[in-house]
Amino acid sequence: MEFFLLTIALLFATVLIVGVGERIKLPYPILMLIFALLAGFLPFMPEMHIDPELILPIFLPPLLFATAQRSSWSVFRFRWKALIRLAVILIVVTAGAVAATAWAFAPITSLPLALALGAVVAPPDPVAVDAIAAKVKMPRRLTSLLETEGLFNDAMAIVIFQLAVQATVNKSTVGLEIIPQFLIGAAGAVVLGLGMGWLVGALNRFVPNLAARCAATLVAPYAVYMIAEELHISGVIAVVVTALEMVRRDRPQDSQERLTRHAFWEVLEMLATGLAFGLMGIEMNQVIQEEGKNLIGFIPGVAAICIVVVLVRGLWMFGSYYLPNRSNPKIPAAKDTLVLTWCGMRGLATLALALALPKVTADGALIEARNFVVVTACAVLLTTLVVPGLTLPALMRVLKLRNNEQDTKRARRQLARRAESVALRALKENIELSELPENYQQAVRRRMNSLHTILAQDPDPHDAISDEKYTQIRAVIAKADSIQAIALEAARDELLKARREPNIDPHLVDEIVGRLDRRTATLDR
């Protein structure tokens with residue numbers, strides 16, 4: 001009961017802090033970290049012992065699913081080079097560099113444990129970056145790169161962490177033999193994820209209730225993760241593949257479901273983040289009580305790792321972004337590189353992995369350096385989240401980076417015109433339109449003729465191009481609604497096709513589809 005009450009209190013505090021952050025214009029992940037650290041030292045906070053084995057099954061499925069469902073297979077095709085460079089190689093390099101630093105400067109005598117620490121602090125958090133980037137009006141070329149980086153870096157870090165923890169618990173070594181094991185597990189996870197995506201898609205077509213279909217998206221990541229763990233294949237990859245396959249199987253007419261699902265997962269992700277921060281605060285309180293003055297001896301190793309985390313990202317961005325773009329007059333490569341380095345903010349994945357580190361090995365021996373891992377994870381969060389998050393607005397003003405929206409607006413207009421053209425063609429081919437009275441036909445045509453403006457400029461939903469009159473039309477004759485739905489589905493289907501085409505930004509297509517969904521839902525009400 002005590003743990004249940006504490007969980008409710010942490011969730012309520014999350015809601016309150018999000019509101020405070022909106023009022024004082026600070027991203028809530030920063031406030032949550034500060035609150036969690038302070039709350040953990042309150043005298044009335046209970047002493048809680050959380051089983052590390054429960055952390056990953058609780059937090060990983062929603063964390064991975066929420067991140068992956070913001071993407072699509074098209075992003076992998078469109079930005080596979082950036083994915084490999086940032087979400088795979090950079091994570092591996094960071095984990096390796098941190099492991100070497102911990103081995104040299106920290107009280108860690110086990111190489112697998114040092115690698116586990118590297119995996120804990122390696123992945124930047126896309127939620128934290130999105131929350132801050134949106135407030136400083138970051139150029140789209142940078143936000144797109146950061147969004148791409150956030151798609152798979154958590155999954156890669158978790159895979160390394162699980163392999164390293166397995167070796168730590170069993171007191172074995174991490175060798176080349178893990179490569180075939182990983183490949184076999186990954187192949188099985190892909191098959192399982194595709195199967196679960198198909199199953200949820202079939203279930204959604206069978207179940208008419210909107211709430212039940214959205215609930216399936218919560219059950220699916222937990223189910224596929226548990227099944228994968230039982231089969232000894234990668235639950236991480238299975239969850240990611242499930243989310244991507246479910247996005248691929250979205251039907252054009254499911255606009256209301258997509259909006260509801262988006263809102264549901266936004267709330268769930270926010271509450272999960274707040275709960276993880278709160279648990280980290282409690283864990284830090286217990287570590288301080290256990291270590292006492294021994295914490296002073298942690299300082300050199302913790303400081304060295306924080307420096308390495310920032311330095312590795314800066315050098316990697318210099319080599320992978322600045323050097324290829326330094327001769328492009330349209331891209332201020334030096335300034336962009338500095339901002340990309342500054343945006344290497346850690347968050348929920350680092351918290352969950354640090355809390356999930358076991359306290360004992362398979363033979364019951366204590367993992368003595370676990371407290372050092374927890375302290376280091378907290379220090380890296382402070383270094384990479386609070387400091388950059390509070391100073392990024394000032395940095396953007398000093399650098400005077402301009403958000404060149406001309407290319408984005410041009411691409412958005414092209415996609416909007418393309419969707420409108422298909423909608424109008426579907427309208428012309430619909431013989432039921434001619435059965436409506438002339439004034440009703442004109443109202444529907446006006447709605448479709450203004451579609452490009454709605455999608456390209458995202459006007460206020462209550463902006464009157466003919467909303468009031470169209471509502472009256474629907475009250476008189478319901479057939480107009482079905483005719484419009486057919487046209488809008490055709491437009492949405494065309495946009496989803498465009499997402500699979502080369503040289504078209506999938507993130508931009510998803511943005512236009514979201515606007516179309518919101519407009520459809522507004523009319524449906």
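If you're wondering where the values come from, they're calculated on a predicted model, not measured in any experiment.
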When you compare the side chain of [Y] with that of [X], does any pair of heavy atoms fall below 4.5 Å?
X: Ile233; Y: Ile227; result: no
X: Trp198; Y: Arg249; result: yes
X: Met396; Y: Leu392; result: yes
X: Phe105; Y: Ile305; result: no
X: Pro124; Y: Leu385; result: no
X: Phe65; Y: Leu268; result: no
X: Leu381; Y: Leu351; result: yes
X: Met280; Y: Met284; result: yes

Quick check: are there more than 12 heavy atoms from other residues, nucleotides or ligands sitting under 6.0 Å from CH2 of Trp265? yes
Determine whether a donor-acceptor pair (N or O, by modelled atom type, separation under 3.5 Å) exists between the side chain of [X] and the backbone of [Y].
X: Arg313; Y: Leu340; answer: yes
X: Arg370; Y: Leu357; answer: yes
X: Thr350; Y: Val120; answer: yes

The reported gap from CG in Leu60 to CG in Asp154 (rounded to nearest 0.5 angstrom) is 9.0 Å
Report the distance from atom CE of Met345 to atom OG1 of Thr383, rounding to the nearest 0.5 Å. 12.5 Å
Verdict with supporting geometry, Val241 and Val224, side-chain contact (heavy atoms from CB on, under 4.5 Å): CA-CA 10 Å; Val241 172; Val224 76; over 6 Å; no
In terms of relative ring orientation, are Phe372 and Phe298 parallel, tilted or perpendicular, with 30° and 60° separating the classes? perpendicular
Decide yes or no on side-chain contact (heavy atoms from CB on, under 4.5 Å) for Ile89 and Trp316, but give the supporting numbers first. CA-CA 10 Å; Ile89 301 178; Trp316 190 266; 3.1 Å; yes
